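Working notes, structure below.
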Amino acid sequence: MLLEAIYHRPKQNWAYAYDETTIHLRIRTKRNDVDRAEVVYGDKYLPWDQMMTKDMRIVGHDELFDYWQAEVQPKYRRLSYGFKLHQGKETIWLTERSLGAQTPTGHLGNFEFPFLNPVDVFAPPAWVKDAVFYQIFPERFANGDPSNDPEGVEPWGGKPTPSNFFGGDLQGVIDHLDYIQKLGVNAIYFTPVFEATTNHKYDTQDYMKVDPHFGTNETLKELVQQCHARGIRVLLDAVFNHSGRTFAPFLDVVEKGADSPYADWFYVREYPLTVVEGVPTYETFAFEPKMPKLNTEHPEVKKYLLDVAKYWIDEVGIDGWRLDVANEVDHAFWREFRKVVKSVNPEAYILGELFHEGMMWLQGDQFDALMNYPFTGAVLDFFVNESTDGAQFAGKMYGQLFRYPHQANEVTFNLLDSHDTERLLTLCKGDVRKMKLSALFQLTFLGTPCIYYGDEIGLTGSHDPDCRKCMPWDEAEYDMDLLEFYQRTIALRHQYSALRSGAFRFLYAKEGDSRIAYERQDADSTFTILMNVSKRARTMTFALPAGEWQDEVTGVRYTSTGKSLKFPLAAYGAMVLRKIM
């Protein structure tokens with residue numbers, strides 16, 4: 001065995017409490033280097049000879065490593081454990097103090113999970129596992145109240161620019177809740193709705209006031225109430241890393257400089273506040289002068305923002321927050337933020353915007369989930385760009401699942417495009433077949449899928465601002481086949497819990513092959529999904545477990561005796577096989 005490849009640490013995603021009785025233990029070994037792995041475990045206060053042994057299983061692998069896992073339920077909540085790895089006649093032990101052939105003889109030196117304290121269990125809101133989100137950019141979704149249109153509003157459906165307005169508002173969303181409900185989504189994520197000067201509203205002027213061009217605080221409250229009446233949750237965007245340049249405290253600092261009582265609310269390097277060779281003399285988001293960075297360590301700033309976080313949940317009833325530029329805000333602030341939010345609504349969803357690995361934020365004291373951009377990149381590389389093969393894609397997916405505790409994976413926010421990216425159909429160069437494959441994987445993978453408004457009817461768009469086009473409301477402009485695909489696939493996800501929270505594993509993913517097969521399974525149902533990411537039709541020879549199976553796409557039934565069957569796959573085609581007997 002290659003000892004240098006063996007790794008475990010007794011915390012975070014390697015040893016964690018999944019619930020109040022179960023601990024997940026994980027270990028990494030070199031790919032195809034270990035025949036069998038066991039965890040030897042028991043209570044550290046009981047005699048060594050009462051230790052128990054449990055086989056581990058490979059839950060995934062990438063190009064370099066195999067990832068093993070076992071679940072144990074310590075009777076007394078304490079756990080002393082080590083790992084026993086086998087390859088042929090060779091046996092290696094891994095404990096906290098040693099890695100080698102010597103067998104431990106006592107608890108001292110073993111790994112420990114000291115005590116499973118219920119308060120330490122990371123428990124994201126259960127409803128999120130069953131959610132399908134719909135992202136709405138309010139200024140471009142629908143104009144329901146022309147009386148609040150901004151000055152110079154342009155006709156609906158025109159070409160978006162960084163600064164123009166089309167009059168979209170919250171009343172427009174209310175007017176089209178029937179459409180949203182019929183699509184099948186049961187949660188909405190809104191980009192910022194608070195008063196600001198831009199069309200995107202990420203430059204907040206007043207955190208306690210809905211932008212007048214969108215409506216009023218009462219309009220938002222009515223929207224939330226109507227959504228809840230339909231079983232739809234509402235997630236708002238919290239821009240707490242920075243404010244806008246018209247935020248009253250910042251204007252005071254601009255006017256009074258260091259004498260302003262708000263001077264320490266921001267990070268000022270030198271006065272006056274200005275821009276020198278493209279760089280502001282104060283900290284901002286991405287050198288953007290109109291987005292001054294807030295000092296979230298300052299007690300008054302902290303109180304102000306935490307009061308904001310509490311108000312919209314308590315008074316308006318929103319179901320959670322998406323946190324903009326979350327990784328540039330200090331961890332201490334987010335810990336207090338979580339306590340405040342969860343004290344008002346323990347089931348509120350806290351979603352952080354991060355583009356990279358985020359274990360530091362997913363330990364139960366800050367966020368419930370992250371926007372899953374690594375997922376986005378891997379899916380686009382495989383299904384859209386066709387730059388990776390099945391083995392590489394499976395490795396990326398497995399590596400991602402192993403990166404976080406399972407309960408975080410169950411509610412991670414899986415998106416394929418957004419207001420910040422090219423639209424999915426544009427990325428697919430107009431090939432709806434590729435788009436459907438990408439969306440099918442998204443809607444049948446572990447985690448919470450999010451659909452960007454208009455994708456479901458074939459809306460296109462290049463980079464920002466083109467990806468922020470107005471939603472068309474003339475069905476003659478819709479790709480009705482694509483819309484029906486989304487409705488059908490979302491309904492299938494809602495119907496079968498296996499597609500939401502069931503176990504996931506790849507059944508077929510090979511080097512140099514663009515075909516994949518994977519399984520979603522729970523106690524109630526089993527699905528095997530076959531995909532062909534190729535411009536030519538292919539067959540796939542595959543052994544299904546014995547029984548009757550039905551393709552949920554075509555309705556065709558197959559009888560399996562457990563032997564290999566040939567399945568026809570169209571170019572960029574898929575089969576969603578459900579075991580029915």
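Here the structure is a predicted model, which means the values were calculated and not measured.
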Less than 4.0 Å between a side-chain N and a carboxylate O, is that true for K342 and D368? yes
Should the pair F527 and Y496 be assigned to parallel (<30°), tilted (30 to 60°) or perpendicular (>60°) ring geometry? perpendicular
Is a side-chain donor-acceptor pair under 3.5 Å present for Y518 with R505? no
Regarding H228 and D319, do their side chains bring together a donor and an acceptor under 3.5 Å, going by distance alone? yes
Distance only, no hydrogens: is a donor on one side chain within 3.5 Å (strictly under) of an acceptor on the other, for Q135 and H419? yes
Might you work through the salt bridge (Lys or Arg N to Asp or Glu O under 4.0 Å) test for D178 and K182, ending with a clear yes or no? CA-CA 6 Å; D178 283 345; K182 187 177 179 181; over 6 Å; no
Please confirm whether Y189 and F133 have ring centers closer than 6.0 angstrom. no
Given side chains that start at C-beta, do those of F240 and T204 come closer than 4.5 Å, heavy atoms only? no
Under 3.5 Å side-chain donor-acceptor pair for T388 and D381: no
With a 4.5 Å limit on heavy-atom distance, are the side chains of L183 and I490 in contact? yes
Any side-chain heavy atom of R500 within less than 4.5 Å of one from K129? no
Ring centroids only, cut at 6.0 angstrom: are Y398 and F506 within range, meaning strictly under it? yes
Give, for atom OG1 of T216 and atom CD of E222, the distance between the pair rounded to the nearest 0.5 Å. 8.5 Å
Any I318 side-chain heavy atom under 4.5 Å of L235 side chain: no
If I compare all heavy atoms of W321 with all of A309, which pair ends up nearest, and what's the gap? NE1-O, 3.2 Å
Do you know the tightest heavy-atom contact between W156 and A142? CH2-N, 3.4 Å
From the options W334, F337, F122, select the one residue that forms a ring pair (Phe, Tyr, Trp, His ring centres under 6.0 Å) with F367. W334
Heavy-atom nearest pair, F445 first then R520, reads C-NH1, 3.2 Å
Exercise: do T526 and Q521 side chains pair donor with acceptor under 3.5 Å: yes
Using a strict 4.0 Å threshold on nitrogen-to-oxygen distance, state whether E353 and R322 make a salt bridge. yes
Less than 6.0 angstrom separating the ring centers of F287 and F285, yes or no? no
Short side-chain donor-acceptor distance under 3.5 Å, T412 and N409: no
Salt bridge or not between K436 and D481? Use side-chain N to carboxylate O under 4.0 Å. yes
Going by the side chain to side chain contact (heavy atoms under 4.5 Å, CB included) test, name the single residue among L569, V556, V553 that passes it with M575. L569
So does M360 have more than 12 non-hydrogen atoms from other groups sitting under 6.0 Å from CE? no
Find the distance between CG (L401) and CG (N13) and round it off to the nearest 0.5 Å. 11.5 Å
Do K469 and F166 meet the cation-pi criteria used here (NZ or CZ under 6.0 Å from the six-membered ring centre, within 45° of the axis)? no
Are W473 and Y179 close enough that their ring centres sit under 6.0 Å apart? yes
For the pair K201 and D203, find out whether any cationic side-chain nitrogen is under 4.0 Å from an anionic carboxylate oxygen. no
Is it true that the side chains of N414 and Q442 contain a donor and an acceptor less than 3.5 Å apart? no
Judged by atom type as modelled, is there a donor-acceptor pair below 3.5 Å linking the side chain of D474 to the main-chain atoms of E477? no
Is there a donor-acceptor contact under 3.5 Å linking the side chains of Y508 and D513? yes
Please assess D62 against K396 for the test salt bridge (Lys or Arg N to Asp or Glu O under 4.0 Å), listing each intermediate value before the final yes or no. CA-CA 7 Å; D62 54 28; K396 288 183 178 181; over 6 Å; no
Locate the shortest heavy-atom distance separating N199 from P162; write the atom from each residue and the value. ND2-O, 3.2 Å
So, do V341 and I350 sit near enough that their side-chain heavy atoms are less than 4.5 Å apart? yes
Strictly under 6.0 Å, is that where the ring centroids of F393 and F441 end up? yes
Just checking, any donor-acceptor pair under 3.5 angstrom between side chains of R557 and Q550? yes
Can you find a pair of side-chain heavy atoms, one from L415 and one from M371, that are under 4.5 Å apart? yes
So, is the end of the R515 side chain (NZ or CZ) under 6.0 Å from the ring centre of Y572 and within 45° of the ring's axis? no
Stepwise salt bridge (Lys or Arg N to Asp or Glu O under 4.0 Å) test for K535 and E386: CA-CA 10 Å; K535 60 185 177 183; E386 299 183 60; over 6 Å; no
If you take all heavy atoms of L362 and P405, which pair is closest and at what distance? O-CG, 4.3 Å
N345 side chain to I313 backbone, donor-acceptor under 3.5 Å: no
How about D145 and S147: does a side-chain donor come under 3.5 Å of a side-chain acceptor? yes
Please confirm whether W549 and F567 have ring centers closer than 6.0 angstrom. no
Kindly check if the number of other-residue, nucleotide or ligand heavy atoms within 6.0 Å of CD (E63) is above 12? no
Atom pair CG (N186) and CZ (R233), whose distance is rounded to the nearest 0.5 Å: 8.5 Å
Please find the pair of heavy atoms, one from V210 and one from F214, that lie closest to each other, and give the distance. CG1-CB, 4.0 Å
Does a side chain donor of either Y202 or D237 reach within less than 3.5 Å of an acceptor in the other side chain? yes
Can a donor-acceptor pair be found, under 3.5 Å and without considering hydrogens, that links the side chain of E357 to the backbone of M359? yes
Distance-only polar pair, side chains of Y134 and E456, donor-acceptor under 3.5 Å: yes
Quick one: do K429 and D431 satisfy salt bridge (Lys or Arg N to Asp or Glu O under 4.0 Å)? Show the steps, please. CA-CA 6 Å; K429 295 181 172 54; D431 194 328; over 6 Å; no
Could you verify whether a donor N or O on one side chain and an acceptor N or O on the other, from K209 and N217, lie under 3.5 Å apart? no
With side chains defined as the heavy atoms from C-beta onward, is the minimum distance between R493 and P449 less than 4.5 Å? yes
